[in-house]
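As structure tokens, the structure follows; a few thoughts come after it.
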Amino acid sequence: MNDTAIQFLFRKALLQTLRDERHAEPLRTAAIAGRLTPWTTALTCAAVEACRRLQWRASAKGHHAELLPVSRGEYLNLDVMAFGMGESRWRFPLAVMELENQTREDFIAYSLWKLLSVRAELRVLFCYRKEAADAGPLRQHLQKEVVEALGIGGRVALEGRTLLVIGRRAEAETFPNGFFGWWELETNTGRFESF
């Protein structure tokens, strides 16, 4: 798959999924109420469905995909792992995702660190903030604490795309389009740039 388009394909598939009330309502309700465990459950279902729309096979808690010789809901303790079509018994993931429902920045940083430690064409970190204004300080924290730790050589050597997707309760009335802020890690600069 052409990794320059993979981030756009995934975003389009997720937003299409969230236009379906079966997926939209539980996520919107949990976000408005600030109930982060139901938010994670609903977003996991939507992410798995978005992968299905892309003809990827996803594995997550409550969504077992028997693709590898060892069947799991979560592989490598990552919330969602998606695989492309293939015959190999031990295939590598096409996409990996973390859905972090903790509000502490270091928990979110840990999730980004986990994702950056895995080889995949697409890495997606979902997290949540009450206010849109809280996204900037979080991005800066992740850039300073995690991305800078890679060093320039490690950052430039990263393969694939890394997305930061922040759901914001204050933007719930514009669900799903305005509810999520989308940023991509620019490996040359070490910054998350809006896309």
Check the angle between the aromatic planes of Phe10 and Trp56 and answer parallel, tilted or perpendicular using the 30° and 60° thresholds.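 Rings of Phe10 and Trp56: parallel, as their planes differ by under 30°.
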
Should His141 and Asp106 count as side-chain neighbours, where that means a heavy-atom distance under 4.5 Å?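 A side-chain contact exists here, since the closest heavy-atom pair is under 4.5 Å.
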
Side chains of Leu138 and Glu105 in contact at under 4.5 Å (non-hydrogen atoms):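 Counting from C-beta outward, Leu138 and Glu105 do come under 4.5 Å.
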
Minimum heavy-atom separation for [X] and [Y], please, with both atom names.
| X | Y | result |
| --- | --- | --- |
| Met85 | Arg91 | C-NH1, 4.1 Å |
| Leu36 | Asn101 | CD1-O, 2.9 Å |
| Met81 | Pro93 | CG-CB, 3.5 Å |
| Ile108 | Thr103 | CD1-O, 4.1 Å |
| Ala46 | Leu18 | CB-CD2, 3.7 Å |

Is a side-chain donor or acceptor of [X] paired with a backbone partner of [Y] at a separation under 3.5 angstrom?
| X | Y | result |
| --- | --- | --- |
| Arg168 | Phe179 | yes |
| Arg155 | Thr187 | yes |
| Gln143 | Phe192 | yes |

Please say whether the positively charged group of Arg11, taken as NZ for Lys or CZ for Arg, lies over the ring of Phe195, i.e. under 6.0 angstrom from the six-membered ring centre and within 45 degrees of the axis.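 Checked: cation-pi criterion met.
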
Please check if [X] and [Y] belong to a single hydrophobic cluster, counting links between Ile, Leu, Val, Met, Phe, Trp and Tyr side chain heavy atoms closer than 4.5 Å.
| X | Y | result |
| --- | --- | --- |
| Phe8 | Trp182 | yes |
| Leu76 | Leu116 | yes |
| Phe83 | Phe92 | no |

